[in-house]
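A short write-up of the structure that comes next.
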Amino acid sequence: MVRTRIAPSPSGFLHIGTAKTALYNWLFARKNKGTFILRLEDTDAERTDEQYVHGMCEGFKWLGIDWDEGPPFGDVPEKGNYGPYRQSQRKELYQKMAFQLLEQGKAYKCFCSKESLEAYKDDTGNLYYPGFCRNLTPEQICEKGNAPYVIRFRVPEGETEINDLIQGKVVFSNNQYDDFIILRANGDPVFHLAVVVDDITMKITHVIRGDDHLTNTPRHIMLFNALGAPLPQYAHHPLVHDEQGRKFSKRLHGANVLDWRDDGYLPEAIVNYVALLGWTSEEENREFFTLPDLIEHFSIERINKSPARFDRRKLEWLNGLHIRNLPVEELKDRLIPILEKNGFDTSTKSKEWLTRLAQICQEKLPTLNRIVFLSDFFFKDFDSYEAEAEGKLWKNPENVILYFKTIQNKLASLSHWEHDPLKQIFDEACAELNVKLGALINPTRLALTGKSVGPGFFELMELLGKEKTLERLSRAMEYLHNKTKEV
RNA sequence: GGCCCCUUCAUCUAGCGGUUUAGGAUGCAGGAUUCUCAGUCCUGUCACACGGGUUCGAAUCCCGUAGGGGCUGCCA
């Protein structure tokens, strides 16, 4: 039975890199009909903040990554039989294990204060532990009385080998590891102990995480061995880098998964894109995957070892693909909140009207937010015309006024305000005025929308309605008329 | 500095000794469709970091060099 976990520390929002790790663990669990666990690594009380707990929950939810076991998180109650799932609530367990190691001589009490150790640095300025308390006699320990102490793990001689599902076999010499602290002076466990104890007691079978943990893994393996527990399978995947090739800083826009939601990206696209950062399908040349597709195709063997840069442009392309893949009704439902957020009252429009709007914009949306640009003129009157387009499309005001007049007359008597009859009117007008369709449509688009680009013209006019169309034509003619007088 | 990992078009990648004149995708450029933009379709552009080996044969294996990343906390 496969059991995987994501173990974020709630000291910030849901980072894009954490999301990738979560996704891989989740996919692997789902693919193998296993269990995916959420565990909060909040042993460092100073850095933990409940507001982050909520934000992360929202991030996971938005991405569609759900967990089978985990702490109460956001509005989700605790689930699972291996709880509690917050490390801050498992202190006694870690202490028990630490003292077990102590009794077995696999760990020892260290009375050296943090300050007293500050003098011991190697030639490059890094701290190292000189091992003062490693071989204290029982008498010496007794003498210390109630002096504060930490518990250090006694790193054994020899080598530690990782057989990683992604990295392959990696060997570390143990002598490059100091006797590391597993229990702080205040009784709190250090990350390494907590992780291992939790992975043991939660029966984690596969540890899939970023390769920034690769050099921590020997410590973990030594602890597993000392505690007499079987090792999980490790899989260290490459990190996500920013567009400059550096570690994706928390301060960068986009580091927070929810930034992408705010920018109008679909969770489907984020998941698809992030999955592709270091993984490819066995199906050659395929890049479009929904979450169910990913579950079907995901495999750890096809994760590569090299870090990948984040490329917004490719993400945007994928986002467009996913937008076009959405059923229109669904797209409409996702567009409404964005329109509302931008102050457009969608309640005055019918469901059919909104669906039709989604339909005529669907293939033009790289992001959901683009809908604002593509449809604002439906919801409010604009107060200026795009300057550049005006110069190009309306450079002959007299002509344009003539066009508009012709069109307006015909439109005024049109009873079926629909795409085909509208087109017919423009075709007729073209014939009468002896111009091409484009010569008529483009100036009119500017009059109706204030812009030179937008949805299909007849579709747009149909949705705008007769009244508004005629009104805006009049307004444009008036504007053009004034303009001729100015010159 | 030490240890570990990585290195194929600008970017994401396929490739696991001969099937490769190195394939796909994004981007970019051009064309087609045309009411704009977008979309779609087509064409083009662009890469095996470098130097040594091993081999009949190397992007693929080995060793160096260079570059990038990670770790090196009583953070996780």
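Chain A is the first sequence line, chain B the second, and so forth, proteins listed ahead of strands; every chain is numbered from 1.
Mapped onto RNA chain B by nearest heavy atom, A/Leu276 and A/Gly245 fall at different nucleotides, with A/Leu276 at the one closer to the 5' end. Residue order along RNA chain B, read from the 5' end via each residue's closest nucleotide, puts A/Arg445 first among A/Arg445 and A/His192.
Ring-plane geometry between A/Tyr24 and A/Phe298 is classed as tilted, the angle between the planes lying from 30 to 60 degrees on a 0 to 90 degree scale.
Going from the C1' atom of B/U11 to that of B/C28 covers 12 Å, rounded to whole Å. Nucleotides B/G44 and B/U34 have their P atoms positioned 24 Å apart, rounded to a whole Å. For the P atom pair drawn from B/C9 and B/G23, the interatomic distance equals 14 Å after rounding to whole Å. Taking the C1' atom of each, B/A58 and B/A22 are spaced 13 Å apart, rounded to whole Å. Look at the P atom in both B/U26 and B/C16: the space between them is 24 Å, to the nearest Å. To the nearest whole angstrom, the two C1' atoms, one in B/U13 and one in B/U7, are 13 Å apart. Annotation: B/C74 and B/C3 have their C1' atoms spaced 23 Å apart (nearest Å). Taking atom P on both B/C50 and B/U8, the two are 11 Å apart, rounded to the nearest angstrom.
As the counterpart of B/U54, no nucleotide is assigned, since no Watson-Crick or G-U wobble pattern has both distances under 3.5 Å. Using Watson-Crick or G-U wobble geometry with both donor-acceptor distances under 3.5 Å, B/A32 finds its partner in B/U40. In this structure, B/U26 forms a base pair with B/A10, meeting either the Watson-Crick or the G-U wobble geometry with both donor-acceptor distances under 3.5 Å. Across all strands shown, the partner of B/U65 is B/A49, judged by Watson-Crick or G-U wobble contacts whose two distances both fall under 3.5 Å.
Side-chain proximity of A/Thr280 to B/U13, B/A76, B/U36: nearest is B/U13. Proximity note for A/Thr215 (side chain, C-beta onward) versus B/C35, B/C71, B/C37: the nearest is B/C71. Here B/C3 is the nucleotide among B/C35, B/C3, B/C71 with the atom lying nearest to any side-chain atom of A/Gln176. Closest to the side chain of A/Lys364, from the set B/A76, B/C35, B/C37, is B/C37. Of the candidates B/G24, B/A76, B/C35, B/G24 carries the atom nearest the A/Asn285 side chain, counting heavy atoms from C-beta on. Residue A/Thr43 places its side chain closer to B/A76 than to any other of B/A76, B/U40, B/C4. Closest approach to the A/Leu277 side chain among B/C12, B/C5, B/A38 is made by B/C12 (side chain taken as heavy atoms from C-beta onward). Listed nucleotides B/U40, B/C3, B/C71 differ in distance to A/Phe172; the shortest reach to its side chain belongs to B/C3. Here the side chain of A/Leu239 is nearest to one of B/C74, B/G70, B/C37, namely B/G70.
Look at CZ on A/Phe191: it is 11 Å from P on B/C71, rounded to the nearest Å. One atom, NE2 of A/His241, and another, P of B/U13, lie 11 Å apart when rounded to the nearest Å. For the pair A/Leu321 CG and B/C12 P, the interatomic distance rounds to 20 Å; values are reported in whole Å. Taking atom CG on A/Leu463 and atom P on B/C35, their separation rounds to 20 Å, with Å as the unit. Residue A/Glu388 contributes atom CD, which lies 12 Å from atom P of B/C37 at whole-angstrom precision. Here the P atom of nucleotide B/G70 and the CG atom of A/Asp242 are 10 Å apart, to the nearest Å. Regarding A/Phe457, its CZ atom lies at a distance of 12 Å from the P atom of B/U36, rounded to whole Å. As rounded to whole Å, 8 Å separates atom P of B/U13 from atom OH of A/Tyr273.
In summary, of the residues considered (A/Leu63, A/Leu315, A/Thr367), a side chain to side chain contact (heavy atoms under 4.5 Å, CB included) with A/Trp260 occurs for A/Leu315 alone. Paired with A/Ile151 under the rule side chain to side chain contact (heavy atoms under 4.5 Å, CB included), one option of A/Leu102, A/Asp179, A/Val190, A/Leu193 passes, and it is A/Leu102.
Within 4.0 Å (heavy atoms only), A/Gly454 reaches at least one base atom of the nucleic acid. Using a 4.0 Å heavy-atom distance criterion, A/Pro455 is classed as a base contact.
By the ring-ring contact (aromatic ring centres under 6.0 Å, His included) test, A/His419 is found to be paired with A/Phe458, residues two or more places apart in sequence or in another chain being considered. Every residue meeting the side chain to side chain contact (heavy atoms under 4.5 Å, CB included) condition with A/Arg154, not counting sequence neighbours, appears here in chain and number order: A/Tyr108, A/Arg134, A/Asn135.
Aromatic rings from A/Tyr177 and A/Phe153 are positioned such that their centres are separated by 6.0 Å or more. Annotation: A/Tyr273 is in aromatic contact with A/Phe310 [ring centroid separation under 6.0 Å]. Annotation: A/Phe191 is in aromatic contact with A/His213 [ring centroid separation under 6.0 Å].
Judged by distance alone, the side chain of A/Arg370 and the main-chain N or O of A/Val372 form no donor-acceptor pair under 3.5 Å.
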key: Derivation of the ring pair (Phe, Tyr, Trp, His ring centres under 6.0 Å) call for A/Phe60 and A/Trp26   = CA-CA 11 Å; A/Phe60 283 128; A/Trp26 184 88; over 10 Å; no
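Near RNA chain B, defined here as any heavy-atom distance below 4.0 Å, the residues from residues 299-318 of chain A are A/Arg302, A/Asn304, A/Lys305, A/Ser306, A/Pro307, A/Ala308, A/Arg309, A/Asp311, A/Arg313, A/Lys314, A/Trp317, listed numerically.
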